[in-house]
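The block underneath contains the structure these notes are about, expressed in structure tokens.
All chains are named by letter (A, B, ...) in the order of the sequence lines, taking the proteins before the strands, and each is independently numbered beginning at 1.
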Amino acid sequence: MTQKKLSNRKSQTLTKKPTKMEQQIEDSELVRDYISGDEKSLEILITRHNQRITSFIYSKVLDRDITEDIFQDTFIKVIKTLKKGTYSEEGKFLPWVMRIAHNLIIDHFRKNKRMPKFEGNDDFNIFSVIGDDKLNAEKQIIKNQIDSDLRGLIEELPDDQKEVLLMRIYKDMSFKEISENTGVSINTALGRMRYALINLRKIIEKNNIVLTN
Amino acid sequence: MEKIYSEHKDECTLVRSGRNTIGFLLNYSQSLHVVAYKDLKFENNLN
């Protein structure tokens with residue numbers, strides 16, 4: 001087939017969907033034509049492999065704009081290599097282009113030092129790993145309610161027990177410090193704390209109070 | 001925090017690059033001339 005005939009065939013098929021005739025022209029033949037100066041061949045090559053290469057890039061980067069950028073850079077490399085005449089006919093054209101695209105995708109992620117956008121699915125939810133320690137509004141209200149109920153119950157205790165319990169739990173003092181502050185021995189303080197807890201449990205049981213979240 | 005390289009499951013969308021991108025590439029291809037001098041190759045972009 002002469003060069004002229006081939007060019008005519010190509011120009012007929014460019015504007016519409018690739019016809020059978022166009023599909024028959026091998027990639028390697030188009031690459032040869034392009035190297036020898038036929039710009040139309042490049043258009044056929046790009047149009048023919050557009051979807052496969054673009055979809056491949058998109059499946060990795062998940063962003064339309066970045067996909068087009070990488071697609072463009074890929075073909076700039078292809079054009080440069082072909083025009084410089086450093087393309088070797090050893091492999092096939094498409095795998096070679098895919099490899100270039102693949103390397104550019106890796107470069108993109110290295111350069112940006114960030115991972116693809118993460119979206120949780122049913123199997124794994126990102127928020128189970130990076131959860132917020134704070135309680136949600138409902139649980140916070142329940143917790144406040146329990147705290148205030150407990151305060152009320154503590155008020156029911158005898159003064160000496162209440163004093164020790166407040167110092168131990170709310171002021172976070174040691175029994176040594178409590179004994180120094182109240183002027184009683186450590187053992188007495190320990191005993192009062194024990195009785196304070198026993199009495200609290202008794203009050204709770206007696207009144208059927210539920211103090212759980 | 002550990003890095004999570006989870007892949008998106010159902011990502012097989014077929015997409016195509018736009019006309020502008022292809023147009024740019026074809027123009028770029030037409031404007032690029034490589035001049036060889038001895039062992040060196042120079043790229044000229046004649047816009």
Side-chain angles (χ1 to χ4, degrees), chain A residues 14 34-35 37-47 49-65 67-86 101 109 113-126 128-130, chain B:
Chain A
L14 268 177
Y34 176 66
I35 291 170
D38 182 10
E39 295 285 336
K40 291 273 181 198
S41 306
L42 180 72
E43 192 173 345
I44 299 174
L45 281 170
I46 293 177
T47 318
H49 300 301
N50 182 351
Q51 194 177 56
R52 279 190 76 174
I53 297 165
T54 310
S55 301
F56 168 71
I57 300 167
Y58 184 73
S59 72
K60 304 292 175 212
V61 300
L62 301 174
D63 184 294
R64 282 307 297 265
D65 294 333
T67 301
E68 296 231 354
D69 282 354
I70 294 176
F71 179 84
Q72 194 166 296
D73 289 346
T74 305
F75 270 95
I76 286 175
K77 280 206 172 198
V78 169
I79 291 165
K80 277 185 184 172
T81 310
L82 294 178
K83 289 232 172 180
K84 281 182 180 173
T86 43
F109 284 123
K113 283 214 183 269
R114 64 169 185 229
M115 291 296 109
K117 187 172 75 180
F118 183 88
E119 282 174 23
N121 53 30
D122 295 341
D123 301 335
F124 180 78
N125 189 343
I126 187 68
S128 65
V129 179
I130 50 162
Chain B
M1 199 187 80
E2 66 176 318
K3 282 182 178 161
I4 300 153
Y5 298 86
S6 307
E7 247 181 275
H8 210 278
K9 257 186 178 175
D10 307 303
E11 206 54 61
C12 53
T13 329
L14 289 177
V15 282
R16 282 171 171 274
S17 289
R19 278 168 176 268
N20 289 341
T21 311
I22 295 170
F24 169 83
L25 286 168
L26 296 173
N27 290 335
Y28 174 80
S29 164
Q30 282 184 351
S31 66
L32 184 72
H33 288 274
V34 176
V35 181
Y37 175 73
K38 290 183 180 173
D39 288 343
L40 301 170
K41 281 182 176 157
F42 298 98
E43 292 170 16
N44 289 324
N45 211 330
L46 308 169
N47 240 333

Exercise for the section: Heavy atoms only, distances under 4.5 angstrom: which of B:Lys41, B:His33, B:Glu43 has the most pairs with chain A? Name it, please. Expected result: B:Glu43

Handout entry: When B:Ile22, B:Thr21, B:Val35 are compared by non-hydrogen pairs under 4.5 Å with chain A, the top option
Key = B:Thr21

Which value, rounded to the nearest 0.5 Å, describes the distance between [X] atom [atom1] and [Y] atom [atom2]?
{"X": "A:Gln51", "Y": "A:Tyr58", "atom1": "CD", "atom2": "OH", "value": "13.5 Å"}
{"X": "A:Gln72", "Y": "A:Thr54", "atom1": "CD", "atom2": "OG1", "value": "11.5 Å"}
{"X": "A:Phe75", "Y": "B:Leu26", "atom1": "CZ", "atom2": "CG", "value": "10.0 Å"}

Handout entry: Side chain proximity check, B:Arg16 to A:Phe71, heavy atoms < 4.5 angstrom
Key = no

Engaged part of [X] at the chain B interface, taking heavy atoms whose separation is under 4.5 Å:
{"X": "A:Arg64", "value": "side chain"}
{"X": "A:Phe56", "value": "neither"}
{"X": "A:Ile76", "value": "both"}

Exercise for the section: Please confirm whether the backbone N or O of A:Ile46 pairs with a side-chain atom of A:Asn50, one donor and one acceptor, at under 3.5 Å? Expected result: no

